[in-house]
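No experiment lies behind these values; they were computed from the predicted model shown. Counting starts at 1 for both ligands and their atoms, in listed order. Just the heavy atoms: all of them, side chains too, but no hydrogens, waters or symmetry mates, feed the values below.
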Amino acid sequence: MRVLLLNPPGRDLYIRDYFCSKTTKSNYLFHPIDLLVLSGAVAAKHETVVLDAIAERLSAGDARARALAFRPDAIVTLVGAVSWEEDRAFLREMRAATGAPIYAIGDVMHDGGEAVLADEPWLDGCFQSFVNGDALALVERRDADLENAAVRRDGEVRRVRGKKAHGTYRVPMPRHDLFPRRGYSFSFARRSPFATVLTDYGCPYPCTFCVIGTLGFATRPVEDVLEELRALKRQGVRELFVMDQTFGIVRPRALELCAAMEREALDFGWTTYARPDLADDEMLRAMRSAGCHTVMMGVETPDDAILASYRKGYLSDAVRAGFARARAAGLRTVGTFIIGLPEETEASIARTVEYAIELEMDFASFNVAVPRFGTPFRGDAIAKGVADPAQRVMDQGGASASMPTLTLSRERMESLKRRAIRKFYLRPSYLFRRLAAVRTPHELRSQVSEGLALLRRNA
Ligand code: SF4
């Protein structure tokens, strides 16, 4: 069969993968991990083309022409709450023009998908994991093999409810070579080119606002990861975004991977997420020795009561200690924050920015709260009257706030988010420290370009 792996076009730089769609906060754009992981399995059995219309900055017309020229027998596509109205218009047209069934994955249908299938006749199925065999089973019409998906056949919608991820998963090696060579950029890369990789899937923690915690958790064998890394090294890749949502959850496995990367002198620079309560000195040193230069950690808020009520699993003292350890290990630090939870006020947002400055992090990422489908937070936000159960369009990047708080309108939230970014990044001492820390010409170009894009979006 001829299978098209599609990231549809958009009016902005949308990131739609891993059930967490958003507009880029500056101009970064990493490889869509869902399609990347699927690419190995699909291309092993079918003629496969990847069309990433976002990375290639294609207009809807050009994307349509490229897709039609391939004459696909099936289309596997990303969709996102951030771009849902655009996605459904484009895909409806693709279905009519190609006649090929369309199977989709994305946050907008993470509550199971039956309701979306019922409303959208152009959609033939949706699947809830990109590391099981469901995408391929849908394409090959092996519906009896589906684990966690919804499918329409002969007008009937059927839902197969599956278990969450657990144990170990294996996937054929992702086909990085099928993705565009240009068009992707990663804020923290010091060299180019970079690749995006995944060594585990989901997350075992229960943070109530986060969709990743709803997926279960499964790990990939270290040897499979190493095989992919060796292939990337042969292809000339020098930087990695290790997109594990918490690197080092299974400690011996993470230490084994780091030791092998160091032993084999793979010589990647890399960035990943970690939890401040898990990343102890030994883990951080092992990561550093394996080439990691930047670690992103969830700070969320300085308010311990909020951290506890959203089941983060650690408090601010663990965050302070984690950032201090990471700095001592020679790593750059990125703090991720959530603003706009229902309890948020102007004063609490101002306190969050002060806290980001106190923690002396190298970068701060301010995300707005989003009532994501499938999360416990969604039910709370609806019950508190700040989220609309009928709303499907939402953007965690904060280009537009998805909901008000109990005391702040959406518009005020957006303006306070922009102010938070300016306050953090436009400090003369910060800018001086940033420039002094630049190591490579690539890093200088990328930081200037990203910084200008960030400020343009938050003027
Ligand atoms: S630890 Fe991070 S990835 Fe895991 S559920 Fe919490 S916020 Fe999500």
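- Results of the side chain to side chain donor-acceptor pair (under 3.5 Å) test with S187 over E450, Q447, K25 single out E450 as the only residue that passes.
- Cation-pi geometry between R378 and F373 is met: the NZ or CZ atom falls under 6.0 Å from the ring centre, inside 45° of the normal.
- Taking the ring axis of F424 as reference, the NZ or CZ atom of R427 stays within 45° of it and closer than 6.0 Å to the ring centre.
- Between R327 and L359, the shortest heavy-atom contact is NH1-O, 2.8 Å.
- Scanning all protein heavy atoms for the shortest distance to atom 2 (Fe) of ligand 1 gives K312 NZ, 4.0 Å.
- Seen from the ring of F268, R191 does not count as a face-on cation partner, given the 6.0 Å and 45° thresholds.
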Residues 206-222 side chain polar contacts: donor-acceptor under 3.5 Å, at least two apart:
unit_1	atom_1	unit_2	atom_2	d
T214	OG1	H110	NE2	3.0
T214	OG1	V211	O	2.5
R220	NH1	L198	O	3.0
R220	NH1	E228	OE1	2.7
R220	NH2	E228	OE1	2.9

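- Sorted by chain and number, the protein atoms of type N, O or S within less than 2.8 Å of atom 4 (Fe) of ligand 1 are C203 SG.
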